**Student:** 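I'd like to ask you about the structure that follows.
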Amino acid sequence: MSRTEQLIRQTGVEEKSRGRWLALSVLVLAVLLVAVDATVLGLATPSLSEDLKPSGTQLLWIGDIYSFVIAGLLVSMGSLGDRIGRKKLLLVGATAFGAVSVLNAYATSPEMMIVARALLGVAGATLMPSTLALIRNIFTDPRERSLAIGIWGATASAGAAVGPVVGGALLQHFWWGSVFLINLPVMAALVLVGIKLLPESRNPVAGPWDLVSVALSLVGVIGVVYAVKEAAAHGMTWEVAVPAILGAGALYAFVRRQFTLPSPLLDMRLFRHRGFSGAVLADLLTVFGLSGLVFFLSQFLQLVQGRGPLEAGLAELPAAIGAVVTGLVAGRYARRYSVRSVVTGGLAAIGAALAVLTLVHKESGYPLLGAALLVVGLGAGFSFTVTADVILSSVPKEQAGSASAVSETAYELGAALGIALLGSIVTGVYQGFTAPATVAGPVADAAHESLGGAVEAAKTLDPDTAAHMVGAAQDAFVDGLRLASGVGAAVLLATAAAAWYLLRGQRLQEGIEH
């Protein structure tokens with residue numbers, strides 16, 4: 001080979017390598033978009049509650065309807081991306097996500113907000129599977145892919161950090177709806193740059209998109225999660241049993257149907273791979289343990305400890321910083337030691353940190369909270385990055401969309417269940433507090449709906465009575481938060497033990513794929 005030919009070949013390789021990382025920069029914008037949106041909602045909850053005056057149940061729906069819908073559609077959208085093209089689906093979804101963010105920003109009632117969040121879930125379901133699937137196809141070197149997934153996960157964590165800080169700054173000067181409008185410039189950059197930089201990829205033999213399977217998966221996931229949420233809040237009744245039976249039946253029919261289709265929406269044989277199943281379970285239960293706590297922590301920092309929105313956002317930074325740091329090195333550690341030791345260690349660290357939060361009280365100093373949040377972030381960075389790598393490397397790249405969707409479904413389903421169950425624990429304990437005898441029925445009812453409702457209702461009372469009622473409500477809220485933290489800790493420690501068994505012998509790939 002001549003010197004000129006060598007230079008041309010080397011230049012082509014360098015340009016191809018540079019193109020991969022530029023494409024990754026576009027993909028992480030989509031991750032940033034979803035992560036920022038998820039975190040700013042929790043920070044905006046107190047001011048949103050004051051403006052829209054949702055009931056406690058409506059507030060929970062505003063918090064988790066996004067996760068319900070996105071969980072129900074992720075498998076379908078991941079499969080759709082495999083068929084029509086992951087780039088195309090990502091860009092369409094990003095455009096819709098930005099447009100629906102405007103609807104969220106200008107919602108005028110709790111009902112409108114719930115609908116807007118549901119529509120945002122539909123758009124969000126197109127983004128996450130597409131980003132991971134494109135990473136699977138762009139990065140054929142497993143070590144490069146591990147780093148790319150680490151950057152992907154670190155960006156999600158950075159979004160969790162940027163969301164509260166930027167959102168807090170906006171809430172200091174503007175109304176709560178402004179936190180959703182920050183999605184617009186990110187969406188615009190993603191679409192404009194993505195059109196030029198992202199390569200298209202699809203499964204050339206995916207077959208038709210089965211609409212019956214789409215409907216069954218949507219009905220099944222939403223039915224089951226809704227039933228779990230309502231059972232946790234109100235106990236098992238016929239109103240809960242009917243959607244539970246309907247959802248479980250739809251999921252059973254979905255699974256049976258996949259085995260009969262020549263081109264299934266989701267290849268159920270993936271779950272025969274122990275490493276794949278273990279990674280999915282670790283994702284689901286990790287997020288379950290974290291989500292309910294994170295959803296209520298912003299309220300604790302603002303409504304119990306009296307911090308402003310910006311200060312509360314800054315207070316939550318250690319978790320995101322820890323996740324960014326460990327996410328970037330998780331793949332290297334998993335190869336040096338083992339997949340199961342890194343994942344199990346991360347899960348155990350999160351469980352231990354949640355156990356420490358059972359000691360929290362109204363006057364707890366920030367060092368306790370900050371240290372616990374940092375450990376949570378460190379553990380999550382290790383666990384999420386490595387499990388995502390295991391899930392993607394367990395399947396052929398043609399099925400990357402479906403595999404990514406399973407990973408993201410576990411994440412979103414865990415988030416929905418965590419907010420539903422752990423959130424219901426907090427709410428159930430909170431609603432048991434005793435209001436002063438002199439407080440009238442309607443005011444007491446409003447105070448028992450949510451802590452934000454109690455703070456708002458107290459403005460109509462004399463100072464002594466208001467202070468007594470708000471103090472009792474804060475005590476009850478903290479009691480619920482401690483109990484939910486204990487349940488989350490137990491779930492995470494049990495998940496760590498399960499991961500140690502399920503991930504034994506699991507290794508990340510070494511050689512370049514051809």
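Values below: every heavy atom of this structure, side chains too, minus hydrogens, waters and symmetry copies. Not measured: the values here are computed from a predicted model. Throughout, residue positions are numbered sequentially from 1 according to the sequence presented.
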**Student:** Rounded to the nearest 0.5 Å, what's the gap from CZ on Arg86 to CG on Leu80? Could you check?
**Tutor:**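 That separation rounds to 11.0 Å.
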**Student:** For residues Leu369 and Phe300, determine if any side-chain heavy atom of one lies less than 4.5 Å from a side-chain heavy atom of the other.
**Tutor:**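 They are in contact (side-chain heavy atoms under 4.5 Å apart), so the answer is yes.
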**Student:** State whether a side-chain donor-acceptor pair under 3.5 Å links Ser217 with Ser76.
**Tutor:**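 On atom types as modelled, these side chains qualify, holding a pair under 3.5 Å.
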**Student:** Taking Gln305 for the side chain and Ser364 for the main chain, is one N or O donor matched with an acceptor at less than 3.5 Å?
**Tutor:**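 Checked: pair present.
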**Student:** Which pair of non-hydrogen atoms, one from Leu281 and one from Thr495, has the smallest distance, and what is that distance?
**Tutor:**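 Here Leu281 and Thr495 meet closest at O-CG2, 4.4 Å.
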**Student:** Show me, pair by pair, the donor-acceptor contacts under 3.5 angstrom made by side chains of residues 320-333, not counting sequence neighbours?
**Tutor:**
residue: Thr326; atom: OG1; partner: Gly322; partner atom: O; Å: 3.0
residue: Thr326; atom: OG1; partner: Leu378; partner atom: O; Å: 3.0

**Student:** Between Ile114 and Arg117, is any pair of side-chain heavy atoms under 4.5 Å apart?
**Tutor:**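 No; the side chains remain at least 4.5 Å from each other.
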**Student:** When rounded to the nearest 0.5 angstrom, what is the spacing between CZ in Phe276 and CG in Leu502?
**Tutor:**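 That separation rounds to 13.0 Å.
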**Student:** For a quick test of reading the model, state the closest non-hydrogen atom pair linking Ala496 to Ala348 and the distance between them.
**Tutor:**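 It is CB-N, 3.9 Å.
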**Student:** Starting at CG of Leu27, measure out to CD1 of Ile151 and round the result to the nearest 0.5 Å.
**Tutor:**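 That separation rounds to 11.0 Å.
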**Student:** Apply side-chain contact (heavy atoms from CB on, under 4.5 Å) to the pair Val214 and Asp210, showing each step before the final yes or no.
**Tutor:** CA-CA 7 Å; Val214 172; Asp210 184 47; over 6 Å; no
**Student:** Got a list of side-chain donor-acceptor pairs under 3.5 Å for residues 118-126, not counting sequence neighbours?
**Tutor:**
residue: Thr126; atom: OG1; partner: Ala123; partner atom: O; Å: 2.6

**Student:** Go through it in stages, so that I can follow the logic: the residues are Leu181 and Ser101, the test is side-chain contact (heavy atoms from CB on, under 4.5 Å), and I'd like the CA-CA distance, side-chain angles, deciding distance and then a yes or no.
**Tutor:** CA-CA 6 Å; Leu181 298 181; Ser101 294; 5.9 Å; no
**Student:** Show the nearest heavy-atom pair for residues Val343 and Ser383, with the distance to one decimal.
**Tutor:**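 Closest heavy-atom pair between Val343 and Ser383: CG1-OG, 4.0 Å.
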**Student:** Between Phe97 and Met187, does a side-chain contact (heavy atoms from CB on, under 4.5 Å) hold up when you go through it step by step?
**Tutor:** CA-CA 8 Å; Phe97 198 93; Met187 176 275 295; 5.7 Å; no
**Student:** Between Val69 and Leu73, is any pair of side-chain heavy atoms under 4.5 Å apart?
**Tutor:**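 The answer is yes; the side chains approach within 4.5 Å.
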**Student:** Walk me through whether Arg307 and Tyr366 qualify under side-chain contact (heavy atoms from CB on, under 4.5 Å).
**Tutor:** CA-CA 11 Å; Arg307 304 175 191 269; Tyr366 182 70; 4.0 Å; yes
**Student:** Search all heavy atoms of Gly98 against all heavy atoms of Leu184 and return the closest pair with its distance.
**Tutor:**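 Looks like O-CD2, 3.1 Å.
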**Student:** Locate the shortest heavy-atom distance separating Gly247 from Val224; write the atom from each residue and the value.
**Tutor:**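 Scanning both residues, the minimum pair turns out to be C-CG2, 3.7 Å.
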**Student:** Just jot down the salt bridge (charged side-chain N to carboxylate O under 4.0 Å, His left out) partners of Arg504, sequence neighbours excluded, or say none.
**Tutor:**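 Partners of Arg504 under the salt bridge (charged side-chain N to carboxylate O under 4.0 Å, His left out) test: none.
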**Student:** Looking at Ala94 and Leu190, what are the two nearest heavy atoms and their distance?
**Tutor:**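 Where Ala94 meets Leu190 most closely, the heavy atoms are CB-CD2, 3.8 Å.
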**Student:** Please check: side-chain N/O of Ser277 versus main-chain N/O of Phe271, any donor-acceptor pairing under 3.5 Å?
**Tutor:**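 Side chain of Ser277 to backbone of Phe271: a pair is present.
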**Student:** Could you check whether any side-chain heavy atom of Asn104 comes within less than 4.5 Å of a side-chain heavy atom of Met113, counting everything from C-beta outward?
**Tutor:**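 Side chain of Asn104 against side chain of Met113, heavy atoms only: contact under 4.5 Å found.
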**Student:** So do Val375 and Ile350 actually touch side chain to side chain, heavy atoms under 4.5 Å?
**Tutor:**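 No. Closest side-chain heavy atoms not under 4.5 Å.
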**Student:** Do Phe384 and Asp283 have side chains that get closer than 4.5 Å, going by heavy atoms?
**Tutor:**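 In contact.
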**Student:** Rounded to the nearest 0.5 Å, how far apart are CG of Asp389 and CZ of Arg335?
**Tutor:**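 Between Asp389 CG and Arg335 CZ, I get 6.0 Å after rounding to 0.5 Å.
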**Student:** Ignoring hydrogens and angles, tell me if any N or O in the side chain of Thr95 forms a donor-acceptor pair with the backbone of Leu91 under 3.5 Å.
**Tutor:**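 Yes.
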**Student:** CZ of Phe382 to OG of Ser341: how many Å apart, nearest 0.5 Å?
**Tutor:**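 The CZ atom of Phe382 sits 9.5 Å away from the OG atom of Ser341.
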**Student:** Any chance you could measure Leu493, atom CG, to Thr344, atom OG1, to the nearest 0.5 Å?
**Tutor:**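 Here the interatomic distance stands at 11.5 Å.
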